[in-house]
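Chain naming here is simple, since letters A, B, ... match the order of the sequence lines and numbering starts at 1 in each.
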Protein chains: 2
Amino acid sequence: MSRQADKRTAILRATLKLIAEHGFHGAPTSMIAERAGVGVGTIYRYFRDKEELIHTLYEELEARHRAFVMQGYEENGPIRDRFYHLCRNIYRYLLANPLEFRFLEQYFDSPYGVAKMRQKLESAGEPFHALLKEGKQQGIVKDLPTLLLFGLIFGPMINVIKDHDSGLLPLNDVLVDQVIRATWDAIQR
Amino acid sequence: MSRQADKRTAILRATLKLIAEHGFHGAPTSMIAERAGVGVGTIYRYFRDKEELIHTLYEELEARHRAFVMQGYEENGPIRDRFYHLCRNIYRYLLANPLEFRFLEQYFDSPYGVAKMRQKLESAGEPFHALLKEGKQQGIVKDLPTLLLFGLIFGPMINVIKDHDSGLLPLNDVLVDQVIRATWDAIQR
DNA sequence: TCGATCGGAGTGAATGTTCACTCCGTTTTT
DNA sequence: AAAAACGGAGTGAACATTCACTCCGATCGA
């Protein structure tokens, strides 16, 4: 069971699973190695240290997530449609990938993650940024600081998905649409 | 500096500060002891183990927080007024006590905290519970699962306060009122 | 009143455990 | 056969918890 170019992948997958399920501190390198069917030392052939492993994992998940969310996005459609499109895709992705959601949550709570989050939210590449800015200009969206609007959108999202994953509040398409609607009511002028 | 009955208090305060500032895993007992001006062993005179120390701290903070929030609450006033009152008080308290906010955040992310949170949210003692139920009956509040409404209320709250505490989005009374207003728009039918 | 004795709060060096990470012998690939 | 990849016992640092001891105010006997 040696000599696989995809040992790297196995390590990343094991890391995702362990961190998502048991938190950062329930994922010692020894356990990651075991789960990945790999020696401890092998981890260090592919990643300088545990920190780099985690960052790399984040970057790869982020890229996948982004690609999914942007599928079929109409850069120039009506504000409200674009808003629904983005929200729906994010909900869909995170609900379909609970491990990734748990991991991202942990990551953004950690010291590295906080910096990443800011950078991400403030980046012009973030489609929500343009969306909200435009919405404010057109008088469709409340004239509040963008960060505050982000809070109104992502706050409920995180909360509600957490409850879903823990089995407290099973979501379905109808319910998700209702949350998105409520979120829209919150930011709409 | 010996023989003080308030060593217990000093230990609790040090724990709050260290956990709030550096997280659960940045608060070793050795550091708590140092910060409290106390020997390491002394911690174990007052608390069976670190876990009990943390639980106790939570209970005391929770009690203070609750007392503050309920000040002047009109059990029978109009739904909307009660909603504003509770929200405003929670925001006020958490903004005035950033250390407690950070601690509670960490606590509710931990395995113990999750159980506590459910218990709390589902408890009939929770004033928001009665509020939302009544609101739904009167047709003022959207007919959505209570847990979902909680998400719409507390999600933005947590997000926005986090951003405030990290200096990204300085809040003031006006801004807080605007968030509460937006939150109301989200849950209002 | 005062010296002796006692109880228990307070202490921190020592202990056992858990980790991230290294090092080098082994296995696989070329 | 040489090089590259791999494995996992070993290492040292960090941690929670313990326990043999200190010290001081209180109590007691004279």
Side-chain angles (χ1 to χ4, degrees), chain A residues 1-60 102-103 106-107 109-113 115-116, chain B residues 1-60 102-103 106-107 109-113:
Chain A
M1 150 82 79
S2 240
R3 253 326 140 127
Q4 308 222 2
D6 52 2
K7 289 205 174 193
R8 207 188 91 111
T9 308
I11 292 166
L12 285 169
R13 232 198 291 276
T15 305
L16 169 62
K17 192 156 192 199
L18 283 171
I19 290 184
E21 280 172 359
H22 305 109
F24 271 109
H25 297 276
T29 49
S30 58
M31 217 178 284
I32 292 174
E34 197 186 347
R35 199 86 154 216
V38 142
V40 186
T42 306
I43 293 172
Y44 293 86
R45 296 203 62 69
Y46 291 100
F47 306 97
R48 186 150 27 93
D49 52 22
K50 205 183 175 186
E51 198 166 313
E52 191 190 281
L53 164 60
I54 289 167
H55 281 327
T56 304
L57 179 54
Y58 166 75
E59 296 293 351
E60 300 202 354
R102 294 273 303 154
F103 173 83
Q106 308 249 7
Y107 185 79
D109 266 349
S110 76
Y112 350 108
K116 267 280 181 310
Chain B
M1 154 77 84
S2 241
R3 275 303 155 139
Q4 309 227 357
D6 54 0
K7 291 209 168 190
R8 206 187 90 109
T9 309
I11 291 166
L12 285 169
R13 232 198 291 276
T15 305
L16 170 62
K17 193 158 192 198
L18 282 171
I19 290 184
E21 280 172 356
H22 306 110
F24 272 108
H25 297 276
T29 49
S30 58
M31 216 178 282
I32 292 174
E34 196 185 350
R35 200 86 154 215
V38 140
V40 186
T42 307
I43 293 172
Y44 292 86
R45 294 206 64 72
Y46 291 101
F47 307 97
R48 184 150 29 93
D49 52 21
K50 204 183 176 187
E51 199 167 309
E52 192 190 280
L53 164 61
I54 288 168
H55 282 327
T56 305
L57 179 53
Y58 166 74
E59 297 293 351
E60 300 203 355
R102 295 272 304 154
F103 173 83
Q106 309 249 5
Y107 185 80
D109 266 349
S110 77
Y112 349 110

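The side chain of A/Y44 lies closest to C/dT22 when the candidates are D/dG7, C/dT22, C/dT11. Which of C/dC21, D/dC6, C/dA9 sits closest to the side chain of B/Y46 comes down to C/dA9. Between C/dT11, D/dC6, D/dA16, one nucleotide has an atom nearer to the side chain of B/T29 than all others, and that is D/dA16. Counting only heavy atoms from C-beta on, B/V40 has its side chain closest to D/dT17 among C/dG10, D/dT17, C/dA20. With D/dT17, C/dC21, C/dT11 as the choices, the nucleotide that has an atom nearest any side-chain atom of A/K50 turns out to be C/dC21. For A/P28, whose side chain is taken as the heavy atoms from C-beta onward, the closest listed nucleotide among C/dT11, C/dA20, D/dT17 is C/dA20.
Per the geometry, CD1 belonging to B/I19 stands 14 Å off C1' belonging to D/dA16, to the nearest Å. For the pair A/E34 CD and D/dG7 C1', the interatomic distance rounds to 14 Å; values are reported in whole Å. The distance between atom CD1 of B/I11 and atom P of C/dA9, rounded to the nearest whole Å, is 13 Å. Following rounding to the nearest Å, A/R45 (CZ) and C/dT28 (P) show an atom-to-atom distance of 15 Å. Atom CZ in A/R35 sits roughly 18 Å away from atom P in D/dG8 (whole-Å rounding). The CD-C1' distance, from B/E51 to D/dC15, rounds to 16 Å in whole Å. As rounded to whole Å, 13 Å separates atom C1' of C/dT29 from atom NZ of A/K7. Going from atom CZ of A/F47 over to atom P of D/dA5 covers 14 Å, rounded to whole Å.
Nearest heavy atoms, B/I43 versus B/T29: CD1-O, 3.6 Å. The two residues B/Q106 and B/I19 make their nearest non-hydrogen contact at NE2-O, 3.5 Å.
Aromatic ring orientation, A/Y107 versus A/Y58: parallel (interplanar angle below 30°, classes split at 30° and 60°).
Looking at B/R45 and B/V38, their side chains never come closer than 4.5 Å, going by heavy atoms from C-beta outward.
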**side chain to side chain contact (heavy atoms under 4.5 Å, CB included) between A/L12 and A/F47, worked out** = CA-CA 10 Å; A/L12 285 169; A/F47 306 97; 3.9 Å; yes
